[in-house]
Amino acid sequence: QKEVEQDPGPLSVPEGAIVSLNCTYSNSAFQYFMWYRQYSRKGPELLMYTYSSGNKEDGRFTAQVDKSSKYISLFIRDSQPSDSATYLCAMSTGGGNKLTFGTGTQLKVEL
Amino acid sequence: NAGVMQNPRHLVRRRGQEARLRCSPMKGHSHVYWYRQLPEEGLKFMVYLQKENIIDESGMPKERFSAEFPKEGPSILRIQQVVRGDSAAYFCASSPIGGTNTGELFFGEGSRLTVL
């Protein structure tokens, strides 16, 4: 079993839809949770960062962490074609930036 | 303000040859991380380096792979005697301070190695 599980998709939604992306994990020592966005043939870029459980909102993006269920989510409101990318969840136990990534979910937002 | 620079972007090698991938961190960053991305898999941590020091190489294969970050010049990931299974995208990331736990890694655009 992988430490971090993420549905690879692809996920296709119409423009304006609310998108929900999720990851589950098995290592209860993870404390820091991140979402990265990766466009095709590019490097990942950090979207959201959350420490421990709770919600965090940034514009159209909301990240949620439920440590009791070992489950994290990223919601995208009013999705745009420019949001089409692969979304990677990542997490760490701390002590540096050694991150464990999910496999990524490929999202396509269609006009 | 240049970001993380990786070269070459694409590299083709025949089995048994050596591959050298270079990474220059963002200006002001002194911590470098190498990750490998295989098809259908997520990014896998390989090694974490500071200038002239390897901090964590727990993700590096035991043989054929080595990494360095000299006092002067870029970080280099070296793969000796490449095999087809080494074909992947290799990403370098940098951070201003290791251990801040913010997840703020700045990634380069990757070097795509193809082994024939």
Side-chain angles (χ1 to χ4, degrees), chain A residues 1-10 21-27 29-52 56 58 61 63 65 72 74 85-106, chain B residues 2-10 21 23-26 29-50 53-60 88-112 114:
Chain A
Q1 184 189 6
K2 294 179 181 177
E3 270 193 296
V4 180
E5 298 277 359
Q6 185 175 8
D7 187 336
L21 304 168
N22 313 293
C23 287
T24 58
Y25 62 95
S26 57
N27 186 350
F30 286 138
Q31 299 184 68
Y32 303 89
F33 304 91
M34 293 127 251
W35 286 94
Y36 281 79
R37 178 175 61 195
Q38 185 176 21
Y39 290 111
S40 181
R41 315 298 279 181
K42 300 290 186 182
E45 56 179 334
L46 182 66
L47 267 182
M48 300 284 286
Y49 158 77
T50 309
Y51 169 69
S52 194
K56 187 173 185 179
D58 184 2
F61 298 90
V65 175
I72 70 171
L74 177 71
T86 296
Y87 290 80
L88 303 158
C89 63
M91 43 200 81
S92 77
T93 59
N97 296 69
K98 179 180 173 181
L99 303 180
T100 301
F101 282 85
T103 53
T105 299
Q106 187 180 350
Chain B
V4 177
M5 304 299 292
Q6 289 189 249
N7 68 83
R9 292 292 311 279
H10 301 276
L21 309 177
C23 169
S24 295
M26 283 183 70
H29 289 190
S30 58
H31 298 254
V32 165
Y33 307 77
W34 285 94
Y35 284 78
R36 176 165 63 175
Q37 188 171 41
L38 292 163
E40 310 304 322
E41 294 189 23
L43 288 152
K44 302 291 187 188
F45 170 81
M46 298 182 75
V47 63
Y48 163 33
L49 310 105
Q50 295 176 19
N53 281 309
I54 296 175
I55 306 303
D56 183 345
E57 57 180 348
S58 58
M60 287 280 271
Y90 292 83
F91 287 94
C92 172
S94 71
S95 70
I97 302 173
T100 59
N101 304 324
T102 62
E104 187 70 81
L105 289 183
F106 296 84
F107 281 85
E109 297 203 334
S111 292
R112 282 161 179 80
T114 301

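Everything quoted here is computed from the prediction, not taken from an experiment. Throughout, a chain's letter reflects where its sequence line sits, starting with A, and its residues are numbered from 1.
- Rounding to the nearest 0.5 Å gives a distance of 6.0 Å between CG of A:Leu88 and CG of B:Leu43.
- Closest heavy-atom contact between B:Phe91 and A:Gly43: CE2-CA, 3.6 Å.
- Taking the side-chain hydrogen bond (donor to acceptor under 3.5 Å, both in side chains) definition, one finds that B:Gln37 meets it with A:Gln38, sequence neighbours left out.
- Among residues two or more places apart in sequence or in another chain, the side-chain hydrogen bond (donor to acceptor under 3.5 Å, both in side chains) test is passed with B:Trp34 by B:Ser75.
- Comparing A:Lys42, A:Lys2, A:Gln6 by heavy-atom pairs within less than 4.5 Å of chain B, the highest count is held by A:Lys42.
- By the neighbour-count criterion of 12 heavy atoms within 6.0 Å, atom CE of B:Met60 is densely surrounded, having more than that number from other residues, nucleotides or ligands.
- Across all their heavy atoms, A:Lys98 and B:Phe45 have their closest contact at CE-CD2, 3.6 Å.
- For A:Pro8, no part sits under 4.5 Å from any heavy atom of chain B, backbone or side chain.
- Per-residue heavy-atom pair counts under 4.5 Å with chain A were compared for B:Arg9, B:Lys44, B:Glu41, and the maximum is reached by B:Glu41.
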